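First comes the structure, then the notes that go with it.
Quick caveat, the model's predicted, so the values are computed rather than measured. Lettering of chains follows the sequences in order, A, B, ..., and the numbering in each one begins at 1. No hydrogens, no waters, no symmetry mates; every other heavy atom, side chains included, goes into these values.
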There are 2 protein chains.
Amino acid sequence: MTAKDKKPPGAQRIADDLRAEIESGEIEPGGKLPTTRQLVEKYGVTPETVRQAILRLKNAGAVTSRQGGGVYARNRPPLKRLGMQRYDKAKWRDSDEVAFIADRVASGREYNRTDQTQTVKLVPASREAAAALGVPEGSDVYARARLVREKGEPTHTLTSYYRPSHVEGTRLVDPTPGPAGAGGGFRVFYELSLEPDHMNEELCARMPTPTEVETLQLPQGEPVVVLKRTTYTADDTVIEYAVGIHCASRFSWNYSFKLPDSARDNAERAERQES
Amino acid sequence: MTAKDKKPPGAQRIADDLRAEIESGEIEPGGKLPTTRQLVEKYGVTPETVRQAILRLKNAGAVTSRQGGGVYARNRPPLKRLGMQRYDKAKWRDSDEVAFIADRVASGREYNRTDQTQTVKLVPASREAAAALGVPEGSDVYARARLVREKGEPTHTLTSYYRPSHVEGTRLVDPTPGPAGAGGGFRVFYELSLEPDHMNEELCARMPTPTEVETLQLPQGEPVVVLKRTTYTADDTVIEYAVGIHCASRFSWNYSFKLPDSARDNAERAERQES
DNA sequence: TAGTGGTCTAGACCACTTC
DNA sequence: AAGTGGTCTAGACCACTAA
């Protein structure tokens, strides 16, 4: 009697037990779970059954495993908080690129050229991109795709779409990799007298496609967050439509805003029209 | 030779094939996949192997299965877009509750009392809730928990936390279920001269816990989006801290904002201080 | 009741990691 | 080389659904 003879055994039971051990801290994040053989003996089941139990935990995002290695409770790295301040105009308007990079270095984060790979191509506009940019579906638009890494590990992809008439000939679509971050792109628009003024972000989450699993090297049980961003100038010209695919466990998004007041807004609008 | 003798068989292969059939539209959303036995024959493998293939698709959120029923490609219901306008002051300030409900009915959506269950309790404040509300951790706060359904199916939970000093004795913490939606709660604060003015929303996504799977009746392979909302009055008093758990496949979040400009904001602030 | 998916056993074999 | 997790077979049995 190993004090384990109260409930029906089986994969679900084993998974629940292990999960409890992880949540209680008995097995700390990054810690090793018992080996398959040990669990086989402990629960008196087949290796296959144990494997099924582990599988459930993997799909729930609770553990990862390496063949030949072992099974480990997943680390919960602190979420990188993405706030609206990341688009601060000061970052790309007032400082030049070098200063911008210098700032990143000074702030303790390493700036590493290899942290971001970039490819620029002319592609036929998807339905979404076409609608956002206000061009016919299938017409050529520039696609600037980046894969961003943190300490070597991919964290997200970001693909920006531009109207060729806006960016043709600028360094934005120069195949030579430019400066990292949105600052780089926004600076270019600023210099083109297309200063970014406001934007719209749309978020949703889902399980990744096999392609996404591969490019982002996602562990089993890791969802992705899809971010669709449209950037406008003050006169509502769309200068960029961007789609990002983010590893869910690495980010959180933060938005602060005043509650809208349609009644007052309408009144103000009417007033403005009269004057 | 059924034209299926080119690549190594196995669960992954079968899963890939089925996935391709779903994505190509060969099997439409909601459509039935071949039975296990049919796939066994087609691929010349064991039922167990086919089951493993299906398992992968389930964990990827691509299919669902009912024991005794069959395996079906998952429906992709249109995402309900949640924008900042859902907090429009007009909804809870200018109209009374009845009008608010009438409006929902008129707009074509059914208002059904059973769409939302509600429980109100005094609970010790969690660390997060305490920090947000500015009370000591573990001190009593009101927790108002709702489970929201759409056509009978749970879509999300939402738990609001309040300072007892704010809401004690109001209908907000009356155990009788009140009106649905944030409008109901905000109206109460408005009447208490604690008018909601601005808020902060934080989003992240992850796989659900077993409890969440149960209360939201989540299919395998369905992530959740966690929404943490803090609501302030104009003088920065926190009146509500709320946590929502959403089925990822049912919602998208939408935010529109002006790009911040710390340089100008600082200048304005300095000016104001001088005057 | 026939057909469906779900769980488990028993055991072979493979791929990878660690020492 | 020994130990780890991963895949697959073969077959028994169970639980649920639909006609």
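- At a threshold of 4.0 Å, the pair B:R86-B:E201 counts as salt-bridged, since one of the basic side-chain nitrogens sits closer than that to a carboxylate oxygen.
- For A:R51, whose side chain is taken as the heavy atoms from C-beta onward, the closest listed nucleotide among D:dT9, C:dG5, D:dT7 is D:dT7.
- Counting distance only, with no hydrogens placed and no angle test, the side-chain atoms of A:E48 and the base atoms of D:dC8 include a donor-acceptor pair under 3.5 Å.
- One atom, CZ of B:R13, and another, C1' of D:dT7, lie 16 Å apart when rounded to the nearest Å.
- The shortest distance between the side-chain N/O atoms of B:T49 and the OP1/OP2 oxygens of D:dT9 is below 4.0 Å.
- For A:T35, whose side chain is taken as the heavy atoms from C-beta onward, the closest listed nucleotide among D:dA10, C:dC8, D:dG5 is D:dG5.
- Proximity note for A:Q67 (side chain, C-beta onward) versus C:dA15, C:dG5, C:dT9: the nearest is C:dA15.
- Using the six-membered ring where Trp is involved, B:H246 and B:F251 have ring planes that are perpendicular, over 60° apart on the 30 and 60° scheme.
- Comparing A:Q52 and A:G69 against DNA chain C, the residue whose closest nucleotide sits nearer the 5' end is A:Q52.
- With salt bridges taken as basic N to acidic carboxylate O contacts below 4.0 Å, one links B:E222 and B:R74.
- Rounding to whole angstrom units, CD1 of residue A:I54 and P of C:dT7 are separated by 16 Å.
- A close approach under 4.0 Å does occur between a side-chain nitrogen or oxygen of B:R56 and OP1 or OP2 of D:dT7.
- Computed from coordinates, the A:L33 CG to D:dG6 C1' distance equals 16 Å when rounded to whole Å.
- Electrostatic pairing of B:E150 and B:K80 counts as a salt bridge here, judged by a charged N lying under 4.0 Å from a carboxylate O.
- Out of D:dC8, D:dG6, D:dA15, the shortest distance to the side chain of B:A11 is found at D:dC8.
- D:dT7 atom P lies 13 Å from atom CD1 of B:I14, rounded to whole Å.
- We find that CD of A:Q12 is positioned 16 Å from C1' of D:dA15, with the value rounded to whole Å.
- If you measure from atom CG of A:L55 to atom C1' of C:dC8, you get 15 Å, rounded to the nearest angstrom.
- The side chain of B:K58 lies closest to C:dG6 when the candidates are D:dG5, C:dG6, D:dC8.
- At least one side-chain nitrogen or oxygen of A:T36 sits closer than 4.0 Å to the OP1 or OP2 atom of D:dG5.
- Ring geometry, B:Y255 versus A:Y255: the interplanar angle falls under 30°, so the pair is classed parallel (tilted spans 30 to 60°).
- Rounded to an integer number of Å, the gap from B:E41 CD to D:dT9 C1' is 17 Å.
- If you check distances only, the side chain of A:R66 never reaches the base of D:dG6 with a donor-acceptor pair under 3.5 Å.
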